[in-house]
Amino acid sequence: MKRHSFPWLTLFALGLMCGPVGCTDTEEPAPGTTARTEASPLLAGERTLFPESALPDVAAENDGEAVELGVRFRSDAPGRVMGVRFYKGPGNTGTHTGSLWTASGSRLAQVTFTNETASGWQEARFATPVTISANTTYVVSYHAPMGHYAVTEPGFTSAVASPPLHAPADGDGGNNGLYHYGASDFPTGSYRASNYWVDVVFQPNDTTPPSAPTNVNALATSSTSIDLTWYASVDGSGEVRGNAHAHLVYRNGQLVAELPGTTLRYRDTGLTPSTTYRYTVRGRDLAGNLGPPSTEVTRTTLSDAACNPCSLWDNVTGKPQYLNADPSPTEVGLKFRSDVAGTVTKIRFYKSGSDNGPHEGHLWSESGTLLATTLARTGEGTSDFGWRELAFATPVPLQANTTYVVSYFAPGGYYPVTFQYFATSGLDVPPLHAPSTVEAGGNGVRLVGSSGFPTEAWLNTNFWVDVVFTPNPL
């Protein structure tokens with residue numbers, strides 16, 4: 001941080017606090033402050049940007065000049081700012097004041113810190129809490145008359161999120177990690193996105209948590225992945241009831257995913273074969289209230305035994321979620337690849353009781369060249385549903401690490417679907433892999449109206465098409 005010299009700084013040694021309006025005894029509040037308020041621990045439902053356990057890289061910067069230090073923040077929900085916190089290190093002495101400002105620099109409240117500890121987090125509360133609006137930027141700051149402030153440099157190269165509170169990254173709509181040398185005033189300077197460890201004590205208006213998610217189910221989809229589904233956590237009451245703002249997924253008690261409230265499924269990947277995992281899901285509302293955990297479910301990943309032949313799903317893991325209620329003739333398919341070379345002998349597909357064929361399968365190159373067509377499957381009926389196979393007259397060779405498309409023609413429509421299956425995660429059942437929409441530029445593909453190369457990635461849907469693959473001998 002750039003340092004300035006002020007001739008009146010030596011007066012601090014005499015126990016005085018000085019500024020443009022003169023000097024006052026440090027035993028009394030500085031001009032313009034409220035009466036002193038005692039520091040208090042956080043109360044139930046109150047929020048801060050940083051937890052009590054958060055620590056700066058440097059507890060006391062070697063800078064003895066008086067300085068105002070602050071942070072820009074906003075809240076997802078309306079509420080009241082109860083006070084100011086800051087981290088204190090050795091040498092950061094004298095009388096500290098905390099302030100709340102509008103984004104343009106109007107001071108909304110000020111308080112003097114009392115009963116401070118020698119180091120660690122300090123807190124002071126405004127005589128009257130300040131009401132703030134949702135999604136509106138404010139600045140909270142404190143004045144360090146003797147400098148020696150805590151700092152982490154850089155600290156705001158990325159945003160800090162502690163819902164409902166957020167401190168934007170430096171450069172995201174303005175600077176963050178703010179300072180102003182001299183008497184207490186609105187801080188606007190910044191230096192290398194430094195975090196000066198200033199915090200806000202915030203109480204949202206809404207203190208009622210959402211309900212626990214229900215009907216949580218877990219399914220092992222491979223030796224390294226488990227699929228979770230659930231019914232939404234519900235927030236609010238009466239006509240304003242709806243999904244919670246976010247769903248949080250916990251594995252073995254540890255948070256592994258934070259998802260939008262509209263998301264009701266998650267694929268947990270990178271797991272260990274033949275290992276049991278425990279899962280719960282919780283809802284969190286816009287005000288940051290965390291709901292109770294769901295009922296815990298457990299699931300064991302599949303073994304990693306070598307397959308011959310290999311498929312992406314079996315009768316246990318391959319369970320469609322819905323039936324697409326559309327009778328339009330449609331070619332539905334999947335992009336996939338193999339780690340090793342080999343041959344495809346059959347196409348597998350999950351048949352509904354409403355599409356009676358005849359069915360025919362196709363194997364395509366990634367660019368749409370038809371490589372092979374299966375023998376047609378006829379004589380199907382309404383009771384004939386579940387996984388079915390279409391055989392190639394001759395095994396079709398595949399190269400390693402090359403993307404192909406497998407598909408079948410459903411002349412009667414009504415094909416099974418699981419929406420958003422490939423939205424963020426693929427499926428890995430080595431040596432076979434079905435990439436995510438992000439990786440493959442769309443996965444779960446279809447062509448509505450006729451048989452042909454499917455290219456439409458509709459809602460990242462899994463249409464439950466698979467292969468029977470035989471690796472080449474080593």
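Positions are given from 1 along the sequence.
Judged by distance alone, the side chain of R388 and the main-chain N or O of K351 form no donor-acceptor pair under 3.5 Å. Checking side-chain atoms of S190 against main-chain N and O of G177 turns up no donor-acceptor pair under 3.5 Å. The backbone N or O of G413 lies less than 3.5 Å from no partner atom in the side chain of S328, so there is not a single donor-acceptor pair.
For residues 428-442, every residue pair satisfying the salt bridge (Lys or Arg N to Asp or Glu O under 4.0 Å) rule, not counting sequence neighbours, is listed here: R337-E439. Here ring pair (Phe, Tyr, Trp, His ring centres under 6.0 Å) pairs that include residues 416-451, with residues two or more places apart or in two chains, are Y322-F419, F419-W458, Y421-W464. Among pairs with a residue in residues 212-236, those fulfilling salt bridge (Lys or Arg N to Asp or Glu O under 4.0 Å) read D227-R265, D227-R267, at least two apart in sequence or across chains. Applying the salt bridge (Lys or Arg N to Asp or Glu O under 4.0 Å) rule to pairs touching residues 407-416 yields nothing, sequence neighbours excluded.
With sequence neighbours excluded, the residues satisfying side chain to side chain donor-acceptor pair (under 3.5 Å) with Y415 are N324, R446. Listed by chain and number, the residues in a side chain to side chain donor-acceptor pair (under 3.5 Å) with S367 are S365 (sequence neighbours excluded).
The pair E116-K88 counts as a salt bridge, with a side-chain nitrogen and a carboxylate oxygen less than 4.0 angstrom apart. Under 4.0 Å is where a charged nitrogen must lie from a carboxylate oxygen, and between R125 and E46 at least one such pair does.
Ring centroids of Y138 and W101 are separated by 6.0 Å or more, keeping the two rings apart. The ring of H166 has its center no closer than 6.0 angstrom to the ring center of F73.
Scanning both residues, Y279 and I226, for their nearest heavy atoms gives OH-CD1, 3.8 Å. Contact detail for W121 and P51: the closest heavy-atom pair is NE1-O, 3.7 Å.
W230 and H247 have perpendicular rings, their planes meeting at more than 60° on a 0 to 90° scale where under 30° would count as parallel.
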With ring pair (Phe, Tyr, Trp, His ring centres under 6.0 Å) as the test, would you mind laying out the steps for F463 and Y350 before giving the verdict?
-> CA-CA 8 Å; F463 299 111; Y350 199 100; over 10 Å; no

For the pair D355 and S352, evaluate side-chain hydrogen bond (donor to acceptor under 3.5 Å, both in side chains) and give the outcome as yes or no after the intermediate values.
-> CA-CA 6 Å; D355 173 27; S352 76; 5.4 Å; no

Take F349 and H359 through the test ring pair (Phe, Tyr, Trp, His ring centres under 6.0 Å) and record every step on the way to the result.
-> CA-CA 10 Å; F349 71 103; H359 296 102; 4.8 Å; yes

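Among the candidates H180, R107, E68, Q110, the single residue satisfying the side chain to side chain donor-acceptor pair (under 3.5 Å) test with S141 is E68. With I132 as the fixed residue, the side chain to side chain contact (heavy atoms under 4.5 Å, CB included) test singles out one of V81, V200, T102: V81.
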